[in-house]
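Every heavy atom of this structure was used, including side-chain atoms; hydrogens, water molecules and symmetry mates were not.
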Amino acid sequence: MHSVGVDVGGTFTDFVGVDEHGRVSVLKHLTTPEDPSIAVLEGAKRLGEEAGAALEEADRIIHGTTLVANSLIERRGARTALVTTAGFRDTLELGRESRYDLYDLKLERPDPLVPRPLRLEVAERIRADGTVLDALEPHGAERLARRLRELCIESVAVALVNSYANPAHERLLAEVIARVAPEIDVTLSSLVAPEWREYERTSTAVANAFVRPLVRRYLARLEDGLAELGAPDRLSVVMSQGGMTSASVAAELPVQLVESGPGGGVVAAAFIGGRLGLRELISFDMGGTTTKISLVEDGQPHRVSELEVARLARFKRGSGLPLKIPAIELIEIGAGGGSLGWIDPLGLLKVGPQSAGADPGPACYGRGGAEPTVTDADLALGLLDPGYFLGGTMALDRDRAHEALARLGDTIGLDAESCARGILDIVNGQMALALQTHVVERGQDPRRFALVAFGGAGPVHAYELARRVGISEIICPPAAGVASALGFLVSPFSVDLVRTFPSQLGAIDWAGVAERFQQMEQQGRDLLTRAGAHLGRVELERSVDMRYAGQGYLVPVALPDGPMSPAIEAELRRVFDEAYQGRYGSYLETVPAEAINWRLTARVPRGVPNATFAQTTAGESLKGARHAYFAELDGFVECPVYDRYRLAAKTRLTGPALVEERESTIVVGPCAVAEADELGNLRLAIDSGGQP
């Protein structure tokens with residue numbers, strides 16, 4: 001194999017291998033929650049055996065994981081301390097004054113990852129311009145290091161006030177801790193998030209420190225296991241912004257992996273759309289545990305410089321932990337094939353966010369699960385074939401699914417079929433609301449986008465989701481159940497860097513700006529080299545976060561190519577006004593504009609594989625028929641079932657129909673017409689105004 005992509009999900013770990021001829025091999029392997037590296041190593045070995053190719057022949061094994069996100073959500077990390085400037089011990093707890101729900105008198109805020117007794121202060125102070133007001137005394141730093149050892153600290157975050165402007169004191173503390181207590185892992189905020197806003201920078205540094213020992217051990221196990229399989233020094237890791245880096249760099253900055261796996265799916269959606277000449281897309285990834293939705297505009301995934309994790313309230317900004325990291329923007333909700341149906345205290349049927357996961361899994365897996373899930377409902381309503389799940393390698397038990405649904409439904413007076421209908425209606429409604437919320441909040445109309453559906457459950461639910469929000473085109477790529485892992489194979493080497501250097505247009509020190517970009521470019525090249533990239537072709541993108549004077553929120557603006565000088569200020573102001581108007585509907589012509597954060601993305605594109613999926617086989621594509629439920633018909637119909645691998649290009653199917661492949665099932669609803677294209681995609685056109 002030439003390269004292998006591995007995506008660890010909550011239920012399945014997905015593998016995609018591409019050989020030197022572009023032939024694609026795919027595999028789904030049950031995740032091992034107690035140690036995800038076990039499933040990665042077992043699946044990698046299986047993939048090589050089934051593909052008839054030795055794993056040691058792979059040039060690169062590219063990995064995406066939910067380990068960091070799960071660690072933060074579950075508060076399962078290292079014993080962590082925070083060291084900060086005297087007087088700023090409670091920054092993590094104070095946060096921002098805004099309330100994510102103005103009318104909730106019992107509003108809860110996320111607990112800090114570091115409790116107050118483990119938040120220590122040090123006497124020092126640096127001004128916002130980087131000059132030293134109070135110097136850090138080495139003896140004070142040594143006393144602090146000894147105190148950390150006494151507290152049995154495993155990892156410490158150092159986040160001193162204004163260290164983004166001058167990191168000297170943070171570096172001195174790191175040197176002293178390394179000398180006095182070398183067993184303690186040290187994270188510096190000036191390395192993880194060198195930009196202003198104390199709360200967000202501190203939160204990011206603490207999150208990095210909290211997960212770093214866990215991630216470091218995990219990646220070490222993976223590298224050792226791959227070495228035993230004959231593939232040493234091949235491991236790369238996908239970051240939240242969709243680029244990849246080496247395992248060693250990822251182990252230093254693990255917080256940048258928080259959206260590692262989901263980001264790969266959006267990259268895959270953009271790649272698939274690019275092959276079809278489509279540039280306005282909605283990425284819809286429904287797996288076993290969660291659903292991820294993201295926008296692709298003008299062919300590029302939408303990226304942000306800040307996100308939240310571990311939210312207490314779904315969809316509500318401010319209810320989670322803020323992280324100052326570059327990431328592909330997406331919304332993630334607890335709606336997947338393994339999401340559990342349950343009854344709330346008012347006697348109402350609910351779905352998720354709790355999931356059956358891989359162990360014990362849905363009731364129909366026959367692995368001990370007793371509660372019904374979305375997968376059980378799909379099976380009971382005829383959308384899945386119990387004998388062809390994962391291509392027939394894993395049989396589903398329809399009777400167990402029926403029993404679980406009947407047991408839950410009986411508590412509120414529903415039979416098994418009605419309970420299954422209710423679960424589907426609720427989960428589809430949750431996803432439609434999430435999609436509309438995400439797209440409309442960005443000033444876009446979802447009806448003008450095509451939906452790229454993937455993940456094991458994505459093609460099953462895409463039709464009903466699109467119908468609810470008025471989307472008229474769905475693209476189901478081949479091997480849709482492992483599309484995120486495919487996205488890893490087309491991810492570039494990438495590094496995102498930032499420097500805070502605030503000033504108003506008309507008074508910018510352009511020599512200082514140029515110096516900072518020169519520093520970032522050199523740092524970016526060094527990190528790309530460490531990641532294993534060949535620097536023959538490095539793409540550089542420069543941008544700046546801007547605002548009107550006195551405002552608190554920033555708008556990113558692309559910088560033109562060429563030298564940084566006052567000559568670009570007029571163009572910069574014009575582009576900023578246009579971007580501001582595009583986001584908020586108007587702009588402030590007479591208010592001065594300020595440039596705050598200067599950003600550089602250094603990227604080395606990788607050769608895009610000419611991926612060739614399983615060839616169409618000769619023979620009749622119609623496999624048979626079965627009764628399947630469609631909400632818009634409010635009942636079951638006799639539905640033809642097709643073998644996707646026997647659908648020749650330009651084959652057209654009129655809904656209702658079901659198209660089966662090994663990793664998923666595509667539901668073609670009554671108002672849809674599906675057509676197979678030359679690249680192996682199945683494209684659904686929906687007549688939203690038509691009647692079935």
Side-chain angles (χ1 to χ4, degrees), residues 284 286 337 341 349 351 362 364 372-389 392 396-399 401-402 405-406 409 414-429 431-432 451 453 456-474 476 480 620-647 651-661 664-676 682-692:
F284 169 55
M286 184 179 180
L349 179 62
V351 180
C364 60
T373 66
V374 173
T375 297
D376 293 305
D378 288 337
L379 178 64
L381 296 177
L383 302 180
L384 300 179
D385 182 349
Y388 195 67
F389 194 70
L396 300 182
D397 191 326
R398 190 194 298 271
D399 290 338
H402 188 276
L405 290 163
L414 296 177
D415 59 21
E417 180 187 313
S418 298
C419 185
R421 290 188 183 195
I423 287 175
L424 250 62
D425 185 57
I426 291 169
V427 77
N428 289 331
M431 293 187 296
L451 187 73
V460 180
H461 293 261
Y463 171 79
E464 181 61 21
L465 176 64
R467 189 177 72 88
R468 287 177 180 237
V469 299
I471 292 174
S472 59
E473 182 176 11
I474 301 172
C476 296
E620 174 58 52
S621 61
L622 183 64
K623 297 175 66 174
R626 67 172 176 266
H627 276 74
Y629 170 79
F630 291 90
E632 61 202 292
L633 300 177
D634 194 29
F636 286 80
V637 295
E638 188 74 5
C639 190
V641 180
Y642 295 90
D643 183 344
R644 180 165 189 174
Y645 304 107
R646 295 178 184 268
L647 290 178
T651 300
R652 289 172 62 88
L653 306 174
T654 301
L658 301 172
V659 181
E660 294 180 338
E661 61 179 337
S664 188
T665 296
I666 302 165
V667 174
V668 183
C671 286
V673 174
E675 181 172 347
L682 196 65
R683 303 177 67 173
L684 279 64
I686 301 173
D687 180 4
S688 57
Q691 294 296 323

Phe389 vs Cys364, side-chain contact (heavy atoms from CB on, under 4.5 Å): CA-CA, chis, key distance, verdict: CA-CA 11 Å; Phe389 194 70; Cys364 60; over 6 Å; no
Non-hydrogen side-chain atoms of Met286 and Leu465 separated by less than 4.5 Å: no
Whether Tyr463 side chain and Cys671 backbone form a donor-acceptor pair below 3.5 Å: yes
Sub-4.5 Å side-chain heavy-atom contact between Leu405 and Ile423: yes
Salt-bridge contact Arg421-Asp415 (side-chain N to carboxylate O under 4.0 Å): no
Distance-minimising heavy-atom pair for Pro459 and Ala480: CG-CB, 3.8 Å
Ion pair Arg683/Glu473, N-O distance below 4.0 Å: yes
Flag for Thr373-Asp376: side-chain donor and acceptor within less than 3.5 Å: yes
pair His461-Leu424: side-chain heavy atoms closer than 4.5 Å: yes
Nearest-0.5 Å distance, CZ of residue Arg467 to CG of residue Asn428: 9.0 Å
Check: Arg644 side chain, Glu661 main-chain N or O, donor-acceptor pair, under 3.5 Å: no
Sub-4.5 Å side-chain heavy-atom contact between Leu658 and Asp385: no
Phe284 vs Ile474 side-chain heavy atoms within contact, under 4.5 Å: no
Student check: side-chain heavy atoms of Tyr629 and Val637 closer than 4.5 Å: no
Under 3.5 Å donor-acceptor, Thr665 side chain and Val460 backbone: no
